[in-house]
Amino acid sequence: QVQLVESGGGLVQAGDSLRLSCVVSGRAFTDSGMGWFRQVPGKEREFVAAIDWRGQNTFYSASAKDRFIISRDNDKNTLYLQMSSLKPEDTAVYYCASRSVKYTGILLNQYDFWGQGTQVTVSS
């Protein structure tokens, strides 16, 4: 049974930093490209960042680029999202996702397993 468990969300002020983690179990972590997505109530889940199986190739949304860094530790089966210069519009539930191929993906339907999400709230 594949499980993805996010942690690290919370309430921060604008300009602060936060690091999200996602621990993966039940599948070979190095077989999977990984991604972060986020969702606010009433809106569709949107892509934030993606990373390939080795951590050598990454891709970011326009809103995440230059402020967020996606990384992974394959020895710990853990995915990270380092977020800095946070803005109120970054407020959302953040989800990590795993896909059955090793490369980056930006579409929701390219991922087959999802975590339960972690809430990030940025106050102004």
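The two residues Gln119 and Ala92 have their closest heavy-atom pair at NE2-O, 3.4 Å. Annotation for Ser32 and Arg72: closest pair O-NH1, 2.8 Å, computed over non-hydrogen atoms. Minimum interatomic distance between Phe29 and Val24 (heavy atoms only, all atoms of both residues): CE1-CG2, 3.6 Å. When all heavy atoms of Phe47 and Gly105 are compared, the pair lying nearest together is CE1-O, 3.6 Å. Nearest heavy-atom pair across Gly8 and Leu18 is O-CG, 3.4 Å. When every heavy atom of Gln116 is checked against every heavy atom of Leu4, the shortest pair comes out as OE1-O, 3.4 Å.
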List the steps, then state whether side-chain contact (heavy atoms from CB on, under 4.5 Å) holds for Trp53 with Tyr103. CA-CA 6 Å; Trp53 68 288; Tyr103 308 106; 4.2 Å; yes

List the steps, then state whether side chain to side chain donor-acceptor pair (under 3.5 Å) holds for Ser84 with Gln82. CA-CA 7 Å; Ser84 59; Gln82 178 69 48; over 6 Å; no

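Met83 and Tyr60 fall within a single hydrophobic cluster, where Ile, Leu, Val, Met, Phe, Trp and Tyr side chains are chained together by heavy-atom contacts under 4.5 Å. Both Leu108 and Phe59 are members of a single hydrophobic cluster when ILVMFWY side chains are connected at heavy-atom separations under 4.5 Å. Under the 4.5 Å side-chain contact rule for hydrophobic residues, Val48 and Val93 do not share a cluster. Taking hydrophobic clusters as Ile, Leu, Val, Met, Phe, Trp and Tyr residues chained together by side-chain heavy-atom distances below 4.5 Å, Ile51 does not share a cluster with Tyr111. A continuous path of ILVMFWY side-chain contacts below 4.5 Å connects Tyr94 to Val12, so both sit in one hydrophobic cluster.
None of Trp36, Tyr95, Tyr80, Phe68 except one satisfies the side chain to side chain contact (heavy atoms under 4.5 Å, CB included) rule with Leu20; the exception is Trp36. Just one of Thr104, Ile70, Ile69 meets the side chain to side chain contact (heavy atoms under 4.5 Å, CB included) condition when paired with Thr58; it is Ile70. With respect to Thr78, the side chain to side chain contact (heavy atoms under 4.5 Å, CB included) criterion is satisfied by exactly one of Ser21, Ser71, Cys22: Ser21.
Put simply, SG on Cys96 and CD on Glu6 are 4.0 Å apart, with the number rounded to the nearest 0.5 Å. Of the inter-residue distances, the one linking Leu79 atom CG with Asn74 atom CG reads 10.0 Å to the nearest 0.5 angstrom. Interatomic distance, OG of Ser124 versus NZ of Lys87, reported as 14.0 Å (0.5 Å rounding).
Proximity of a side-chain donor or acceptor of Gln56 to a complementary backbone N or O of Asp52 within less than 3.5 Å is not detected. Looking only at distances, no side-chain donor or acceptor of Arg99 sits under 3.5 Å from a matching main-chain atom of Gly33. Between the side chain of Asp16 and the backbone N or O of Leu86 there is no donor-acceptor pair closer than 3.5 Å.
The number of heavy-atom neighbours closer than 6.0 Å to NZ of Lys76, taken from other residues, nucleotides and ligands shown, is 12 or below.
Here the side chains of Arg38 and Ser61 are not in contact, with every heavy-atom distance at 4.5 Å or above.
Pairs passing the salt bridge (Lys or Arg N to Asp or Glu O under 4.0 Å) check and including a residue from residues 21-36, sequence neighbours excluded, read Arg27-Asp112. The stretch residues 30-65 participates, sequence neighbours left out, in no disulfide bond (SG atoms under 2.5 Å apart) pair at all.
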